[in-house]
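So you know, we letter chains A, B, ... as the sequences are listed, proteins then strands, and number each from 1.
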2 protein chains.
Amino acid sequence: MPTSMTIAEAALATGLTAYTLRYYEQIGLIDPVPRRGGQRVYGDTDLRLIGFVVRLRGTGMSMRDIQEYVRLRRLGETPESIRLRGDLLARHAAYLRGQLVDLTETIARLDEKIALYRAIYPDEPLPTPDTTVPPASTADTPSNRRKHA
Amino acid sequence: MPTSMTIAEAALATGLTAYTLRYYEQIGLIDPVPRRGGQRVYGDTDLRLIGFVVRLRGTGMSMRDIQEYVRLRRLGETPESIRLRGDLLARHAAYLRGQLVDLTETIARLDEKIALYRAIYPDEPLPTPDTTVPPASTADTPSNRRKHA
DNA sequence: CTACCCCTTCGAGTGCACTCGAGGTCAAGG
DNA sequence: CCTTGACCTCGAGTGCACTCGAAGGGGTAG
């Protein structure tokens with residue numbers, strides 16, 4: 001059976017709030033969700049698009065560009081639409097590659113500075129800056145992670 | 001001779017606007033800049049701190065955390081201040097490592113999707129997604145690059 | 001039939017990070 | 001001396017991305 005969720009369930013599943021889901025639909029960041037008895041019913045495809053949109057937002061694509069992407073999707077599988085979507089995503093990928101470099105550099109600088117500080121007052125046994133991933137503790141107030149970097 | 005710049009020059013040098021420099025000072029994101037005849041005179045150390053702050057902002061540290069960092073700096077080289085600064089930076093570094101992973105994953109997914117699109121209508125000779133860095137073309141309207149991701 | 005609950009729309013409010021304009025000061029050049 | 005230009009402060013305005021409350025509706029349980 002195809003999943004079919006209420007807005008509250010979809011909110012749970014996507015990590016967004018019901019408010020935000022309605023807002024995203026209103027501004028065309030996601031396609032209009034089909035209604036039953038006036039109420040939104042979220043299906044698999046809706047959920048997948050939302051997930052993708054959230055990921056794009058999370059990596060800093062502007063609402064405007066995402067709106068454009070979703071608009072192109074609605075046009076169907078025409079050569080034009082497909083080419084433009086590819087271009088849009090390719091541009092964002094290029095942007096992300098740039099970020100990756102900046103990020104790496106910033107991490108290196110921070111590690112240097114931290115090492116300096118620790119060298120002066122090493123109360124804690126320096127936690128060797130390796131490549132494993134501690135569960136990102138900055139940012140993220142309860143219930144609303146947003147904006148990757 | 002130590003550099004000493006007007007606010008306009010400092011703006012040029014940091015890539016911020018004069019408005020933003022005053023704003024950052026006002027909210028304590030940077031230390032108060034010394035005045036001569038009422039006008040701000042930016043020296044090397046000011047510029048260096050601003051550069052660091054811009055980098056932190058660029059990688060998504062909140063204004064609040066940066067304010068805290070700068071406040072700690074102003075307390076001088078006490079054990080307390082140094083330890084707390086180290087912790088603050090270490091937390092941000094951990095956060096960035098998390099981002100790095102997300103970013104890498106998103107790039108991989110985008111490349112997949114792009115390859116799919118290109119496979120359907122390959123008008124352009126697929127630009128092999130390698131690790132070199134094309135000059136990040138998304139975002140960045142003239143004069144005001146902001147917010148990394 | 002009445003509660004109850006979750007849903008609906010609409011419009012207003014919030015917080016962040018700038019961004020700008022008005023009105024004033026000051027130092028250098030003509 | 002007077003103008004010019006860059007700077008100053010203060011307060012208000014902007015754009016983004018939510019976030020919320022009020023008022024009302026539909027469907028199921030008792």
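- Listed nucleotides C/dC7, C/dT19, C/dT8 differ in distance to A/Arg35; the shortest reach to its side chain belongs to C/dT8.
- Contact check, A/Arg40 against C/dC7: no side-chain N or O comes under 4.0 Å of OP1 or OP2.
- Taking atom OH of B/Tyr24 as the reference point, atom C1' of C/dA17 lies 7 Å away to the nearest angstrom.
- What separates CD1 of A/Ile30 from P of D/dC18 is a distance of 12 Å, to the nearest Å.
- For A/Tyr23, the side-chain atoms get nearest to D/dC18 when compared with the rest of D/dC18, C/dA17, C/dC7.
- Linking ILVMFWY residues whenever their side-chain heavy atoms come closer than 4.5 Å, directly or via other members, leaves A/Val41 and A/Met5 in distinct clusters.
- Taking atom CG of residue A/Leu56 and atom C1' of nucleotide D/dA17, one finds them 16 Å apart after rounding to whole Å.
- Among the nucleotides C/dT8, D/dC18, C/dC18, the one closest to the side chain of B/Arg57 is C/dC18.
- Remark: A/Arg22 is in phosphate contact with C/dT8, judged by side-chain N or O atoms under 4.0 Å from OP1 or OP2.
- Within 4.0 Å of A/Ala18, counting heavy atoms only, lies no atom of the nucleic acid at all.
- Atom P of nucleotide C/dC18 and atom CD1 of B/Ile50 are separated by 13 Å, given to the nearest angstrom.
- Residue A/Tyr19 places its side chain closer to D/dC20 than to any other of C/dT8, D/dC20, D/dA17.
- Using modelled atom types, one side-chain atom of A/Gln67 and one backbone atom of A/Ile27 make a donor-acceptor pair closer than 3.5 Å.
- Side-chain N/O atoms of A/Arg64 include none lying less than 4.0 angstrom from OP1 or OP2 on D/dA17.
- You'll find the side chain of B/Ile50 reaches within 4.5 Å of the side chain of B/Tyr42, heavy atoms only.
- Following rounding to the nearest Å, B/Ile7 (CD1) and D/dC8 (C1') show an atom-to-atom distance of 9 Å.
- Comparing B/Gln39 and B/Met63, the nucleotide of DNA chain C nearest to each residue sits closer to the 5' end for B/Met63.
- Under the 4.5 Å side-chain heavy-atom criterion for Ile, Leu, Val, Met, Phe, Trp and Tyr, A/Leu12 and A/Leu47 are members of distinct hydrophobic clusters.
- Among the nucleotides D/dC7, D/dC8, C/dT8, the one closest to the side chain of B/Thr6 is D/dC7.
- The CE atom of A/Met61 sits 17 Å away from the C1' atom of D/dA17 (whole-angstrom rounding).
- As a whole-Å value, the separation of A/Gln26 CD from D/dC16 P is 14 Å.
- B/Thr59 and B/His92 share a side-chain donor-acceptor pair at under 3.5 Å.
- In this structure, the CZ atom of A/Arg36 is 18 Å from the P atom of C/dC6, given to the nearest Å.
- B/Gly37 comes within contact range of no nucleotide atom at all, as no heavy-atom separation falls under 4.0 Å.
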